[in-house]
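Shown next, in structure tokens, is the structure this report addresses.
Order of the sequence lines sets the chain letters (A, B, ...), proteins ahead of strands, with each chain counted from 1.
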Number of protein chains: 2
Amino acid sequence: MAKKDLRERIKEVAVEHFNNNGYHGTTIRNIAKDVNCSLPMIYYYYNNKKELFDEIIKREYFGLLKRQAALLRTNNIIDFYTKFVYDLNSLSNYDKKVYRLGIKVYLSFDGDEELMEIMDEWEKTILPRHYQILKPYLKNADNDIAIVRTLVHLLETLIESIVVKNRFLPEEEIREEISIVLREC
Amino acid sequence: MAKKDLRERIKEVAVEHFNNNGYHGTTIRNIAKDVNCSLPMIYYYYNNKKELFDEIIKREYFGLLKRQAALLRTNNIIDFYTKFVYDLNSLSNYDKKVYRLGIKVYLSFDGDEELMEIMDEWEKTILPRHYQILKPYLKNADNDIAIVRTLVHLLETLIESIVVKNRFLPEEEIREEISIVLREC
DNA sequence: CTCTATACTTAACGTTCGTTAGAATTATAC
DNA sequence: GTATAATTCTAACGAACGTTAAGTATAGAG
């Protein structure tokens, strides 16, 4: 087994376990069993349980978020957001689980205060980012900011449905809901 | 200490602990310490850890949901939903924590399959219930159902903000967002 | 072939967990 | 006041946890 392989496989199995059983419900022994390696090998690649968890959130989850945020825009704003959400359906199982784990930390259902601070920092960027995206389409009405806020709130639930509840959302349903919020754009 | 008192206090402290540390992160010893009673007293009133957790979800959380669902309606539908969400701000700390714990189980971040089934059953009733409430205000357009779905999705995020993230949402912000979704009603 | 760094193992450490046995205390009934 | 039932305690059980010590295999370099 090459070095990189095993380290990566440990992380993959860890994502699965942290997802299913939470941080405290996950044991290094069970991870080792599923990876089919001895228990101390986990400690060979990761200093301790928390470091393994942190790497998943800090590297995998935020890597995923940044890839998502960098998506190209189409001309039609409703098309863009529909695609943005719809494409989550076809995320790999691994990425979905990483995403789910990140949301768990985001809702402070898992993780610690340090991770929560990173989440809070990220959260502050969400509204401004979407405001920039939507700006050209807004009608300069006094409820512009409210529209952006409503859309972001709606997106949050749609993402949760797909990623956390593991449901498939049809493109048409996503488009309908986004259109309702953005119907004046 | 009267019987009822202690049993109730154990449940209150348990809500706190399950909320902060999850099911597996919570220990009977720590609950007993905070309640200021001996460890086996927990087992005197509850057969085991899982039964204590289950009672919180099955009785406290669903009790709360049913009280919420039974709320009276006003004449104005936007007023109704605004109040519905806004009033969550002033839920007691205990009720907020019970709610938060329920959402955690709802998102299958905690609990087991049996509790998830109960959640699924409840979830099926949500859309029809709100459709009944909104029916008189809908314009019989072909996106009626989509509007109800969008509203329910928006409500979900707003509730999460208040209860899970423990934020205060001003009445005006809530009204704005609900109005955007229901602007044709 | 030997040396050395890397990859991996077995076995155990000390701690904490959920849970219970069994006795002590307190309240209630007659 | 004594018998009985309801509370509460101290102490401990076995099991599982995170982590580590100390050694064995393996593979590439000289």
Side-chain angles (χ1 to χ4, degrees), chain A residues 1-60 101 104-105 109-115, chain B residues 1-60 101 104-105 109-115:
Chain A
M1 196 76 57
K3 172 171 174 159
K4 259 290 173 52
D5 271 11
L6 184 54
R7 194 179 195 282
E8 223 51 28
R9 275 204 359 215
I10 289 172
K11 188 154 63 181
E12 275 170 37
V13 172
V15 166
E16 183 97 19
H17 281 237
F18 284 133
N19 238 308
N20 292 340
N21 312 110
Y23 180 81
H24 288 106
T26 294
T27 73
I28 309 284
R29 277 170 176 81
N30 285 338
I31 294 176
K33 193 188 289 174
D34 276 10
V35 174
N36 239 315
C37 71
S38 73
L39 192 156
M41 281 312 294
I42 317 267
Y43 289 92
Y44 187 72
Y45 291 112
Y46 301 92
N47 278 322
N48 48 50
K49 188 180 175 182
K50 186 173 160 6
E51 193 182 284
L52 176 54
F53 186 80
D54 280 11
E55 175 158 327
I56 290 167
I57 298 298
K58 288 182 185 168
R59 288 252 271 272
E60 305 291 308
L101 206 51
K104 201 167 174 178
V105 176
F109 282 145
D110 224 327
D112 54 9
E113 286 191 10
E114 185 216 342
L115 289 180
Chain B
M1 195 75 60
K3 171 171 175 159
K4 258 290 172 52
D5 272 8
L6 183 55
R7 194 178 196 282
E8 223 52 26
R9 275 203 2 213
I10 289 172
K11 188 155 61 181
E12 274 170 38
V13 172
V15 166
E16 184 97 18
H17 281 236
F18 284 133
N19 239 307
N20 292 339
N21 312 111
Y23 180 81
H24 288 105
T26 294
T27 72
I28 308 285
R29 278 171 176 80
N30 285 338
I31 293 176
K33 193 188 290 174
D34 276 10
V35 174
N36 239 315
C37 72
S38 72
L39 192 156
M41 282 312 293
I42 316 267
Y43 287 93
Y44 186 72
Y45 290 113
Y46 301 92
N47 279 321
N48 49 49
K49 189 180 175 183
K50 184 169 162 10
E51 193 181 285
L52 176 54
F53 186 80
D54 280 11
E55 176 159 326
I56 291 167
I57 298 299
K58 289 182 184 168
R59 290 252 270 271
E60 305 291 308
L101 207 51
K104 201 168 176 179
V105 175
F109 283 145
D110 224 327
D112 55 7
E113 286 192 9
E114 185 215 343
L115 289 180

I need the CZ-C1' distance between R7(A) and dC8(C), as an integer number of Å. 16 Å
Got Y23(B) and K50(B) here, is their nearest side-chain heavy-atom distance under 4.5 Å? yes
Mind calculating the distance between OH (Y45(B)) and C1' (dT8(D)) to the nearest angstrom? 9 Å
Counting C-beta onward and ignoring hydrogens, is there a side-chain heavy-atom pair between L6(B) and M41(B) closer than 4.5 Å? yes
Protein heavy-atom contacts under 4.0 Å, written 5' to 3' over nucleotides 13-23 of chain D as B (base), S (sugar-phosphate only) or - (none), form the string ----BBBB---
Let me know the distance between CG of D5(A) and P of dC8(C), rounded to the nearest Å. 10 Å
N or O in side chain of Y44(B) less than 4.0 angstrom from dT8(D) OP1/OP2: no
Are the side chain of D112(A) and the backbone of L115(A) linked by a donor-acceptor contact shorter than 3.5 Å? yes
Nearest whole Å is fine: how far is dT8(D) P from R9(B) CZ? 10 Å
Check the distance between dC8(C)'s C1' and N36(A)'s CG and give it to me in whole angstrom. 14 Å
Pairing donors with acceptors under 3.5 angstrom, does anything connect the side chains of N30(A) and H17(A)? no
If the condition is side-chain hydrogen bond (donor to acceptor under 3.5 Å, both in side chains), which residues does N48(B) pass it with, not counting sequence neighbours? none
Separation of M41(B) atom CE from dT26(C) atom P, in whole Å? 14 Å
Please give, in whole Å, the distance from dT26(D) C1' to L6(A) CG? 15 Å
Please give, in whole Å, the distance from dT7(D) P to E8(B) CD? 14 Å
Are side-chain heavy atoms of L52(B) and I31(B) found at a separation under 4.5 Å? yes
